Undergrad: 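After the structure tokens below, expect a handful of questions from me.
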Amino acid sequence: LLGTIRYDSASINLTVEQGSGMLVDGRRRNRARLRTDLEDSTTIMSWGSLEWYLIKRDEAVGLRLKDSLATARLEFDGIDYYPIDATWRVEASFDPFDPPRTIPVPTILGTVSQSPSPGEIVFKRGRVEHRLQVVADADDDEFFLIFADETNGGATYGGGRYLYTDLPDSTGTVVVDFNEAYSPPCVFSPHATCPLPPPGNQMPLAVEAGEKMYKNETATY
């Protein structure tokens, strides 16, 4: 027994079992109010090679446990990528929503979160125009893209991929480098809580750039 967590609507509090050797934020404490991953400074509890902390997803709260000596971590031998292809570094235009919208973003848990979206990026591949809604708060300094394409479920993860871009420049141009696309954490673990592509962000083309499927995948989609 390392300790006891008591959860109510006002706060989540930890009482540490005396003599357990458990640490809270790297030091010994008897009690602590636990801060979730959505707060400014998440409370990290640890014991030996284990560390854990609270995560909050909508109204649900859970414990995320990590083990620095986990077999999957010790045997990790890298990720495969498509060869870098300069044609997948595209200049897109930014089409803002007026006013900005809140868009539904499904998750691997089967829930739907509401995320702020200031607009869409628009680019052409060949003669075909494609639009992707971006996710960003008003004070963010980058755009977050969650997209699906025809490589998903084969060469890449079935649940889509992620990508960050800079904000638009003074001409409204956004450089989108699909060579930097990467898989959600769900590709490595069935215990992640990944957002999935929102409606409209499924592109009818194969984006053969960026991170490929993790070959030792344990999660399914």
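One is the number of the first residue; the rest follow in order along the sequence. Keep in mind the model is a prediction, meaning the values are calculated, not measured.
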Undergrad: Within this structure, what is the OG1-CD1 distance for the pair T36 and I55, rounded to the nearest 0.5 Å?
TA: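 Between atom OG1 of T36 and atom CD1 of I55 there are 9.5 Å.
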Undergrad: Quick check: does any side chain N or O of D177 sit under 3.5 Å from a backbone N or O of V90, one acting as donor and the other as acceptor?
TA: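 No; zero donor-acceptor contacts below 3.5 Å.
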Undergrad: Identify the heavy atoms of L74 and S68 that sit nearest to each other, and give their distance.
TA: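 Closest approach of L74 to S68: CD2-O, 4.0 Å.
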Undergrad: Would you say that K66 contacts Y53 through its side chain, given a criterion of any heavy-atom pair below 4.5 Å between the two side chains?
TA: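 Yes; the side chains approach each other to less than 4.5 Å.
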Undergrad: Cut-off 3.5 Å, side chains only: do D67 and S49 have a donor facing an acceptor?
TA: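 Per modelled atom types, D67 and S49 side chains form a pair under 3.5 Å.
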Undergrad: Quick one: list whatever passes side-chain hydrogen bond (donor to acceptor under 3.5 Å, both in side chains) with E39, sequence neighbours left out.
TA: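 Partners of E39 by the side-chain hydrogen bond (donor to acceptor under 3.5 Å, both in side chains) criterion, ordered by chain and then number, come out as R33.
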Undergrad: Check the hydrophobic clustering (I, L, V, M, F, W, Y; side-chain heavy atoms under 4.5 Å; chains of links allowed) and say if V187 and Y164 are grouped together.
TA: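 Unlinked, V187 and Y164 end up in two clusters.
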Undergrad: With rounding to the nearest 0.5 Å, note down the distance linking SG in C194 to CG in L109.
TA: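 One finds 8.5 Å between SG of C194 and CG of L109.
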Undergrad: Are the side chains of L167 and V174 in touch, meaning some heavy atoms are under 4.5 Å apart?
TA: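 No - every pair of side-chain heavy atoms lies 4.5 Å or more apart.
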Undergrad: Hydrophobic clusters here meaning ILVMFWY residues chained together by side-chain heavy-atom distances under 4.5 Å, can you tell me if M213 and I108 are in one?
TA: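 Yes; tracing contacts between hydrophobic side chains, which count when under 4.5 Å, links both residues.
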Undergrad: Are S115 and S113 linked by a side-chain donor-acceptor pair shorter than 3.5 Å?
TA: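 Note: S115 and S113 side chains miss the donor-acceptor criterion.
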Undergrad: Less than 4.5 Å apart, side chain to side chain, heavy atoms only: is that true for R125 and H130?
TA: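 They are in side-chain contact.
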Undergrad: Look at the side-chain heavy atoms of Ile, Leu, Val, Met, Phe, Trp and Tyr, link any pair under 4.5 Å apart, and say whether L205 and L145 land in one connected group.
TA: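 Yes: a chain of side-chain contacts under 4.5 Å links L205 to L145.
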Undergrad: Per the ring-ring contact (aromatic ring centres under 6.0 Å, His included) rule, which among Y182, Y81, F76 passes with Y214?
TA: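 Considering Y182, Y81, F76, a ring-ring contact (aromatic ring centres under 6.0 Å, His included) with Y214 is found only for F76.
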Undergrad: Any side-chain heavy-atom pair from L132 and V176 closer than 4.5 angstrom?
TA: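 Answer no - side chains too far apart.
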Undergrad: Please report the interatomic distance CD(Q18) to CG(L1), rounded to the nearest 0.5 Å.
TA: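 Separation between the atoms: 12.0 Å.
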Undergrad: Would you indicate whether the side-chain heavy atoms of E120 and V134 approach each other to under 4.5 Å?
TA: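 Not in contact.
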Undergrad: Has the side chain of D37 got a donor or acceptor atom that lies under 3.5 Å from a matching backbone atom of K56?
TA: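 Yes; at least one donor-acceptor contact below 3.5 Å.
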Undergrad: Between N13 and S11, what is the shortest heavy-atom contact and its length?
TA: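 Distance-wise, the nearest heavy atoms are ND2-OG, 2.8 Å.
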Undergrad: Is the shortest distance from a Lys or Arg side-chain nitrogen in R161 or D149 to a carboxylate oxygen in the other one below 4.0 Å?
TA: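 A salt bridge is present here (some side-chain N lies under 4.0 Å from a carboxylate O).
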Undergrad: Cluster question for you: counting only ILVMFWY and a side-chain heavy-atom cut-off of under 4.5 Å, with indirect links fine, are V105 and L196 together?
TA: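 No, V105 does not connect to L196 through the hydrophobic network.
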Undergrad: As a quick check of understanding, evaluate side chain to side chain contact (heavy atoms under 4.5 Å, CB included) for T43 and R35, giving each step before the final call.
TA: CA-CA 5 Å; T43 305; R35 301 176 301 275; 3.4 Å; yes
Undergrad: Using distance alone, with no hydrogens and no angle criterion, decide if Q133 and S117 have a side-chain donor and acceptor under 3.5 Å apart.
TA: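 Result is no, nothing qualifies.
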Undergrad: Starting from V61 and following side-chain heavy-atom contacts under 4.5 Å between hydrophobic residues (I, L, V, M, F, W, Y), which residues can be reached?
TA: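 Its cluster mates, by chain and number, are L2, I5, Y7, I12, L14, V16, M22, V24, L34, M45, W47, L50, W52, L54, L63, L65.
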Undergrad: Atom CG of N30 and atom CD of E17: how far apart are they, to the nearest 0.5 Å?
TA: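 If we round to the nearest 0.5 Å, N30:CG and E17:CD are 11.0 Å apart.
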Undergrad: Within the 4.5 Å heavy-atom criterion, are C186 and Y157 side-chain neighbours or not?
TA: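 Yes. Closest side-chain heavy atoms under 4.5 Å.
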Undergrad: Would you please test V112 and Q114 for side chain to side chain contact (heavy atoms under 4.5 Å, CB included) and show each step?
TA: CA-CA 7 Å; V112 177; Q114 300 298 320; 4.0 Å; yes
Undergrad: Using only atom types and a distance under 3.5 Å, with no angle test, would you say the side chain of D137 pairs donor to acceptor with the backbone of D140?
TA: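 Checking the backbone N and O of D140 against the side chain of D137, no donor-acceptor pair under 3.5 Å is found.
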Undergrad: Is the centre of the F147 ring less than 6.0 Å from the centre of the Y162 ring?
TA: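 No, ring centres 6.0 Å or more apart.
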Undergrad: Tell me if the aromatic rings of F123 and F178 count as close, with their centers under 6.0 Å from one another.
TA: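 For F123 and F178, the ring centres are under 6.0 Å apart.
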Undergrad: So do the side chains of I146 and P198 get within less than 4.5 Å of each other, counting heavy atoms only?
TA: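 The answer is yes; the side chains approach within 4.5 Å.
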Undergrad: Does N152 use its side chain to pair, donor to acceptor, with the backbone of G159 at less than 3.5 Å?
TA: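 Checked: no pair found.
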Undergrad: Quick one: side-chain hydrogen bond (donor to acceptor under 3.5 Å, both in side chains) pairs with a partner in residues 88-100, sequence neighbours left out?
TA: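 Qualifying pairs, neighbours excluded: D95-R131.
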Undergrad: Could you check if a side-chain atom of E142 sits within less than 4.5 angstrom of a side-chain atom of T165, using non-hydrogen atoms only?
TA: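 E142 vs T165: side chains apart.
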Undergrad: I need the minimum non-hydrogen distance between F94 and P118, along with the two atoms involved.
TA: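 Heavy-atom minimum between the residues: CZ-O, 3.6 Å.
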Undergrad: Where is the tightest heavy-atom contact between Y82 and A209, given as atom of each residue plus distance?
TA: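 Nearest heavy atoms, Y82 then A209: CD1-N, 3.2 Å.
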Undergrad: With a cut-off of 6.0 Å (strictly less than), are more than 12 heavy atoms of other residues, nucleotides or ligands near CD of E129?
TA: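 Yes - once you tally the heavy atoms of other residues, nucleotides and ligands closer than 6.0 Å, there are more than 12.
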Undergrad: Given 3.5 Å as the limit, does a donor-acceptor pair link the side chain of D25 with the main chain of I44, or not?
TA: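 Checked: pair present.
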Undergrad: With rounding to the nearest 0.5 Å, note down the distance linking OG1 in T151 to CE in M203.
TA: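 The distance works out to 9.0 Å.
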Undergrad: What's the separation between atom CD in E180 and atom CD in E211, rounded to the nearest 0.5 Å?
TA: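 Spacing of CD (E180) from CD (E211) equals 12.0 Å.
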